Protein chains: 2
Amino acid sequence: MLTVTTANVNGIRAATRKGFASWLTDTTADVVCLQEVRATEDQIPDEVLAVDGWHTLWAPAADKGRAGVAVLSRHEPTRRQVGFGSQEFDTSGRYVEIELPDVTVGSLYLPSGETGTERQDQKERFMKEFAAYLIDLKHRNSQAGREVVICGDWNIAHQEIDLKNWKTNRKNAGFLPEEREWLTHLYDEVGYVDVVRRLHGEVPGPYSWWSYRGRAFDNDAGWRIDLHVSTPGLAERADTAVVERADSHDLRWSDHAPVTVTYQH
Amino acid sequence: MLTVTTANVNGIRAATRKGFASWLTDTTADVVCLQEVRATEDQIPDEVLAVDGWHTLWAPAADKGRAGVAVLSRHEPTRRQVGFGSQEFDTSGRYVEIELPDVTVGSLYLPSGETGTERQDQKERFMKEFAAYLIDLKHRNSQAGREVVICGDWNIAHQEIDLKNWKTNRKNAGFLPEEREWLTHLYDEVGYVDVVRRLHGEVPGPYSWWSYRGRAFDNDAGWRIDLHVSTPGLAERADTAVVERADSHDLRWSDHAPVTVTYQH
DNA sequence: CTTACGAAG
DNA sequence: CTTCGTAAG
């Protein structure tokens with residue numbers, strides 16, 4: 001059995017001030033993928049940098065205070081990788097990967113983009129390069145008889161059921177037709193599986209991100225953009241998915257909620 | 001009787017979040033001089049921008065988020081003035097002045113400086129120009145039979161009794177020999193009076209500013225830099241000076257404390 | 001609305 | 001240590 005959690009912490013220093021460290025102490029997950037760490041190792045609070053019982057791999061962005069991903073694992077990884085072989089993105093704190101004995105786990109923070117800007121162009125360049133990487137990754141692991149799961153903040157809601165206000169967001173970054181089609185391609189043609197959607201059924205939610213603006217959280221005006229994207233063999237083993245929507249504002253340490261999946265065997 | 005308070009609010013927006021508005025509601029002062037407002041009128045919370053029963057004069061800096069002074073008066077001023085006729089400093093949010101029937105009140109935020117830098121040069125240029133203004137102001141008002149008081153954050157501690165750690169600050173901006181001599185000149189030669197010092201006696205304090213760094217407030221490692229500098233006739237009428245050191249951290253809305261003087265007649 | 005950086009105090 | 005502006009989300 002393997003339990004994997006993905007959580008965009010939106011600044012691990014702010015999150016730690018608000019209770020992230022005790023969440024980490026309490027979790028029963030075997031692997032935790034983090035995004036938007038927004039700190040270098042020397043800036044990360046000790047209680048989470050060298051957290052007892054975990055092997056950690058941190059990949060900060062070259063650009064201070066931005067992005068940054070990590071993977072924490074109770075078992076020692078057999079391989080560690082920062083980036084995915086991209087000239088442009090490997091120092092941008094957007095991807096790390098570890099190998100465990102029978103599964104490869106990636107932590108992804110896809111650029112959020114902003115419709116009609118240079119940042120949206122960058123997001124699309126990332127999507128193109130990363131899709132090629134995912135195709136190769138699947139082939140390599142398939143030949144080795146291994147499974148793969150890429151967890152993280154994909155910054156794309158796939159279907160109308162993946163965000164509360166889909167009608168008003170059709171022209172906004174995160175729900176653009178080309179972004180949605182990119183995920184469709186990954187699922188239907190490359191053969192990856194959106195694990196939480198499969199477990200939850202084709203009904204709205206479960207959302208994992210609520211903007212800090214307005215009353216998005218209280219109105220549950222959320223988006224499901226924190227995904228577990230796995231190879232079919234691993235997806236078959238998934239039996240539970242939980243989104244830790246902390247209903248008490250006191251328990252919230254990020255604008256995203258942790259998304260946890262348990263894989264049997 | 002005239003009660004005048006001077007208070008460096010260190011950002012009126014932050015101060016308002018921390019209780020400045022109720023301090024203003026509760027004060028019995030007739031005139032309140034503010035410094036480091038750090039906001040334009042459209043950014044100032046309504047509850048203090050158009051506070052009931054006060055005539056207000058705001059002078060923001062051209063440079064957003066910096067400096068900014070104001071005078072609030074229960075009586076309608078007979079004249080309002082922004083700046084002191086300085087090409088360099090009149091749009092820097094460092095001086096405003098109002099005339100009441102028998103007294104002129106200025107609110108001053110003197111540049112803080114930083115030893116050995118361009119900002120210290122700027123402070124000294126300000127001091128030079130402002131001293132010339134104060135000499136002229138005194139003459140003009142004296143001829144008109146009027147009194148003058150310039151309240152504000154002068155950013156200079158005059159004597160050793162005006163700051164806790166005078167020994168270690170002899171080479172730091174705010175306690176440099178040339179700055180101290182400038183005040184001495186204003187008092188001994190131009191003829192202005194340091195009202196609070198006169199009332200308090202030649203004993204340490206009362207401090208009105210404690211750095212947010214370290215434990216300055218808890219250790220009372222303060223500076224007396226928020227002054228009432230008046231003409232001798234008005235100084236004669238001063239009978240009480242109070243520094244509102246809010247001992248409960250919950251009541252503190254600035255790193256400076258309000259300094260209030262009551263003038264009789 | 002919130003994060004982090006940087007300049008200023 | 002805190003303010004604010006700024007960029008980013």
Side-chain angles (χ1 to χ4, degrees), chain A residues 8-18 20 35-40 43-44 60-61 63-68 92-94 109-115 117-120 122-123 153 155 172-174 209-219 221 223 225-226 249 252-256, chain B residues 8-18 20 35-40 43-44 60-68 92-94 109-115 117-120 122-123 153 155 172-174 209-219 221 223 225 249 252-256:
Chain A
N8 177 319
V9 295
N10 191 22
I12 201 163
R13 285 169 284 182
T16 301
R17 287 195 293 273
K18 296 188 271 188
F20 170 70
Q35 301 87 38
E36 277 206 272
V37 170
R38 301 176 70 169
T40 49
Q43 297 173 316
I44 297 174
D63 208 359
K64 290 202 294 181
R66 305 223 178 288
S92 67
R94 297 207 171 259
Y109 176 48
L110 204 143
S112 82
E114 191 191 326
T115 314
T117 69
E118 164 54 25
R119 285 215 298 289
Q120 186 65 24
Q122 190 212 53
K123 180 176 189 175
D153 179 355
N155 265 317
N172 292 146
W209 173 71
W210 302 264
S211 171
Y212 274 134
R213 302 170 211 187
R215 313 217 185 305
F217 186 74
D218 295 332
N219 299 336
W223 295 52
I225 56 181
D226 299 283
H249 281 75
R252 268 190 105 191
W253 37 260
S254 173
D255 49 348
H256 293 250
Chain B
N8 178 318
V9 296
N10 190 24
I12 203 164
R13 284 169 284 181
T16 301
R17 286 194 294 274
K18 295 189 271 189
F20 171 69
Q35 301 87 38
E36 278 206 272
V37 170
R38 301 178 70 172
T40 50
Q43 297 173 316
I44 297 173
D63 208 0
K64 290 201 295 181
R66 306 224 176 288
S92 66
R94 298 207 171 260
Y109 177 49
L110 204 142
S112 83
E114 191 192 326
T115 314
T117 69
E118 163 54 26
R119 286 215 300 287
Q120 186 65 23
Q122 190 212 52
K123 180 176 189 174
D153 179 354
N155 266 317
N172 292 146
W209 173 71
W210 302 265
S211 171
Y212 275 133
R213 301 170 213 189
R215 313 218 186 304
F217 186 75
D218 295 332
N219 298 336
W223 296 52
I225 55 181
H249 281 74
R252 269 190 104 191
W253 37 259
S254 173
D255 49 348
H256 294 250

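On a predicted model such as this, the values are computed, not experimentally measured, just so you know. Numbers restart at 1 for each chain; the letters A, B, ... are given by sequence-line order, proteins then strands.
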message: Nearest heavy atom decides the nucleotide; on that basis, is A:R38 or B:G214 closer to the 5' end of DNA chain D?
response: B:G214
- prompt: Under 4.0 angstrom, heavy atoms only, what part of the nucleic acid is A:E36 near: base, sugar-phosphate, or nothing?
  reply: sugar-phosphate
- request: Under 4.0 Å between any heavy atoms, over every strand shown, what does B:R17 touch: base, sugar-phosphate, or nothing? Just pick one.
  value: sugar-phosphate
message: Once you apply a heavy-atom cut-off of 4.0 Å, does A:Q43 come out as touching a base, just sugar-phosphate, or nothing?
response: sugar-phosphate
- request: Classify the nucleic acid contact of B:Y109 as base, sugar-phosphate or nothing, counting any heavy atom under 4.0 Å across all strands shown.
  value: sugar-phosphate
query: So A:W209 and A:W223, would you call those rings parallel, tilted or perpendicular, with 30° and 60° as cut-offs?
result: perpendicular
statement: The first and last nucleotides of DNA chain D lying within contact of chain A, meaning any atom under 4.0 Å from one of its heavy atoms, run from D:dA8 to D:dG9
message: Is the shortest side-chain heavy-atom distance between B:H249 and B:D218 below 4.5 Å?
response: yes
message: Looking only at side-chain N and O atoms, does B:T40 offer a donor or acceptor that is under 3.5 Å from a partner on B:Q43?
response: yes
- request: Take A:R215 and B:S211, find for each the nucleotide of DNA chain C with the closest heavy atom, and name the residue whose nucleotide sits nearer the 5' end.
  value: A:R215
message: Would you say that A:N155 contacts A:Y109 through its side chain, given a criterion of any heavy-atom pair below 4.5 Å between the two side chains?
response: yes
- request: Check every nucleotide of DNA chain C for an atom under 4.0 Å from a heavy-atom of chain A, then give the first and the last such nucleotide from 5' to 3'.
  value: C:dC1 to C:dG6
Smallest separation among heavy atoms of B:A61 and B:A67, with atom names: CB-CB, 4.2 Å
message: Do B:V9 and B:H256 have side chains that approach each other closer than 4.5 Å (heavy atoms only, starting at C-beta)?
response: no
field: Distance (rounded to the nearest 0.5 Å) between A:I12 CD1 and A:R17 CZ
entry: 12.0 Å
message: If you define the side chain from C-beta out and look only at heavy atoms, does anything of A:P111 sit under 4.5 Å from A:R119?
response: no
- line: Per nearest nucleotide of DNA chain C, the residue lying toward the 5' end, B:S112 or A:A39, is A:A39
